[in-house]
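Counting starts at 1 for both ligands and their atoms, in listed order.
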Amino acid sequence: MSTLVPLSRRTFTVIRQSSRRGFSTSGSYHSKKHYQLLVVGGGSGGCATAAKFAGRLGKGHVAVIDPSEMHYYQPMWTLVGAGLKTLQASGRPMQSVLPSSCDWIKDRAVKFDPDSCMVTTASGEQIGYDYLVVAMGMQLNYSQIKGLPEAFRVDKSVCSNYWSETVTQTFPALEALQGGNAIFTFPNTPIKCAGAPQKIMYLADHYLRKAGKRDKTNIIYNTSLGVIFGVKKYAERLMDIVKNRNIEVNYRRSLVEVRPDKKEAVFVDLDSPEGRTETYQYSFLHVTPPMSAPDPLRQSSLVNPDGYLDVNKETLQHVKYPNIFGIGDCTSVPTSKTAAAAAAQSGILKKNLQAVMSGGKAQSQYDGYTSCPLLTGNNKCILAEFDFAGQPLETFPIDQGKERRLMYHMKKDFMPELYWNVMLKGNWNGPALTRKMLHLGLSK
Ligand code: FAD
Ligand code: UQ1
C-alpha cells in the first residue's frame, strides 16, 4: 500500500512502506522519461483527461501513451454503417486532438509496474510517473468467434460497426442484400455502447423498407442477454418497436462460429446445459464481437477478477494504488460503457486527482451517469440516460422514452460538435448541470 506525499506545488513522490529496496524510495527511479501525469490511452476519456491537466501542470509534465495514428469518434460509426456519415468524418489525427502542451508517446503500453510507478512500452521504453490515469478502452476479440475475422475478408455480407476496418462494409452489404435472413448479434461479454448492436438493426430496417426489400427480409436479433435493454423504461418502448416492425428477437443466443462458404452462423443456446447450438442461414450478418479490457491491462496486477482496472466506482481511484485513477471502458465501474459516461467521469476524476495531488482525499462521487441515444430509424431516437441503479436520469423535462426527431438531430448533428470542440478540450463533464437547470433544481 502506498501513500502520497506532496513535495512542492508541482512535485510529488510515492512513499512505499513495504518496498523491496528499503522503507522509502522515489517512484520510477530508473526511468529515462518521467511525467507528473501519465495517461495510457488517448481515446475519449484519456484525451479529455490530458486536456484537463496539460495546461495546469505545464509543458513536459503530462504525457499520453497511444499507438494509434487516428482518434475516432466511435459513436458516429452507427451512422457510418447506415450510410449516413463517412468513416473519414469520424476520425481526426491523434496529434490534432491531444493538447499541444502534452507529450504524445506513440507506442503501446505493454507492462504496468505500479510498485515502481513505471509503464513499459512495446519498444522497451520505461516511463515513470507520479500519477497514472488508465484509459485504454476495450479490446475487440473477433478471433474468439470461429471463422472470424477471416469471414470479413471473404464474405462481404459479414460486417461490424465496432471496428474501423469493417464499419465501411455495413452499408454496401445492406445495399447488396436482396432478401433472406439479416442477423444482428450481441455477444456474451460486457461491451461498449450496449445499444449499438440494435441501433444498426433499426436503421437497416428503415433502409430496407425505403428500398422496397423489407418484405423479402427476416430481421433477426440474436442476443446473449435475457432482455432487450437493461433499463425497464426503455426496454418496454423497444419491445413495442420490435413488435411493430416485425423483428424477431431471440434471447440467450451467442454467436460462436461463422461459415462464410455455406453462409451459416452458429449460435449457442446459453441456457442449454449441454451447449446446444442452432445454425442459421444468413444473407447479411452484423457482428458485435466479444470484448474485454486490453491484454496488457488484464495481465497486470491492477485488475479485478473480471480483468478490468479495479477502481472505486464513485471516486475512480484505484483500490490499491492511490496515485492511479481510471476512466472509461477499461475500468471496473459498473455502468454502461459509453463516451457519455466517460464525459461525466472526467469531471469527477479531475476534482479527485487534483485533490490527491494537493495532499487531500478523493471525495467527489460519480453517480453512474451514462447515456445511449437509441436510433430507431433515420429520423427517430430514444435518448436513454440512466445511473448506477438503472434509474432514468434524463436531461430534458420531456419523456425521453418516446421516439423523437429532435433527439435524432442531437445525436447526429450536435453530439459530434460537442465531442470534438468541448469534451476533447476538457470542458464537458456531462449534462448534470443542464439537467438541474432544466428541471428547476428538482433533479438529482
Ligand atoms: P476509447 O475511446 O476506445 O479509447 C481507448 C484508447 O486506448 C484508444 O485510443 C486506443 O488506441 C488506446 N489503447 C488501447 N490499448 C492501448 C495500449 N496498450 N497502450 C496505449 N494505448 C492503448 N458512446 C456514447 O456515449 N454514445 C454513443 O452513441 C455511442 N455509440 C457507439 C457506437 C459504436 C459502434 C461504438 C464502437 C461505440 C459507441 N460508443 C458510444 C462508445 C464510446 O465510443 C466508448 O464508450 C468511448 O470511446 C470510451 O472511451 P475510452 O476512452 O474508455 O476508450
Ligand atoms: C454525452 O455527453 C456524450 O458525450 C459527449 C455522448 O457521446 C457522444 C452522448 O451520446 C450523449 C447523449 C451525451 C449526453 C449529453 C446530452 C446533452 C444529453
- line: When distances are taken from atom 20 (C) of ligand 1, the protein heavy atom at minimum range is Ile65 O, 3.4 Å

field: For atom 39 (N) of ligand 1, the protein heavy atom that lies nearest, with its residue and separation
entry: Cys193 CB, 3.4 Å

Distance flag, aromatic centroids of Phe267 and Tyr280, threshold under 6.0 Å: yes

- prompt: Taking heavy atoms and a distance under 4.0 Å, where does Ser44 meet ligand 2: side chain, backbone, both or neither?
  reply: neither

query: Of Tyr72, Tyr162, Phe171, which is the lone residue that meets ring-ring contact (aromatic ring centres under 6.0 Å, His included) with Trp77?
result: Tyr72

- prompt: So is Gly430 close enough to ligand 2, meaning a heavy atom under 4.0 angstrom away?
  reply: no

- request: Identify, for atom 14 (C) of ligand 1, the protein heavy atom at the shortest distance, and state residue, atom and that distance.
  value: Met136 O, 3.3 Å

- prompt: Do any heavy atoms of Lys411 fall under 4.0 Å from ligand 1?
  reply: yes

query: What do you reckon, is CG of Leu433 surrounded by more than 12 foreign heavy atoms closer than 6.0 Å?
result: no

Pair Tyr142 and Phe152, ring centroids less than 6.0 Å apart: yes

message: Check this for me - ligand 1, Trp77, N or O atoms closer than 3.5 angstrom, yes or no?
response: no

- prompt: Side chain, backbone, both or neither: which part of Ser371 comes within less than 4.0 Å of ligand 2 when only heavy atoms are counted?
  reply: side chain

field: Geometric N/O contact Ala340 with ligand 1, under 3.5 angstrom
entry: yes

- prompt: Does ligand 2 have any atom sitting under 4.0 Å from a heavy atom of Tyr369?
  reply: yes

message: Geometry only, no angles: is Asp329 polar-contacting ligand 1 at N/O separations under 3.5 Å?
response: yes

- prompt: Can you tell me if Met138 has a non-hydrogen atom under 4.0 Å from ligand 1?
  reply: no

task: State whether the shortest distance between N or O atoms of Pro373 and N or O atoms of ligand 1 falls below 3.5 angstrom.
output: no

field: Any Leu383 heavy atom less than 4.0 Å from ligand 2
entry: yes

message: Geometry only, no angles: is Gly45 polar-contacting ligand 1 at N/O separations under 3.5 Å?
response: yes

- request: Could you label the plane-to-plane angle of the Phe184 and Phe284 rings as parallel, tilted or perpendicular, counting under 30° as parallel and over 60° as perpendicular?
  value: tilted

message: What I want to know is whether Ala109 and ligand 1 share at least one N or O pair that is separated by under 3.5 angstrom.
response: yes

query: Below 3.5 angstrom, do we get any N/O pair linking Ser68 and ligand 1?
result: yes

- request: Establish, yes or no, whether the cationic atom of Lys85 lies under 6.0 Å from the six-membered ring centre of Tyr73 and within 45° of the ring axis.
  value: no

Geometric class of the Tyr221/Phe186 ring pair [parallel <30°, tilted 30-60°, perpendicular >60°]: perpendicular

- prompt: Excluding sequence neighbours, so at least two apart, what forms side-chain contact (heavy atoms from CB on, under 4.5 Å) with Glu236?
  reply: Lys232

message: Whether Asp295 and Arg298 form a salt bridge (side-chain N of Lys/Arg under 4.0 Å from carboxylate O of Asp/Glu) is what I want to check.
response: yes

query: Within the structure, does Glu385 bring an N/O atom to less than 3.5 angstrom of an N/O atom in ligand 2?
result: no

Any N/O pair Asp66/ligand 1 closer than 3.5 Å: yes

task: Output yes when the distance from some N or O of ligand 1 to some N or O of Tyr162 is under 3.5 Å, and no in every other case.
output: no

- line: In this structure, atom 3 (O) of ligand 1 is nearest to the protein heavy atom Gln74 NE2, 3.0 Å

field: Under-4.0 Å salt bridge between Glu403 and Arg245
entry: yes

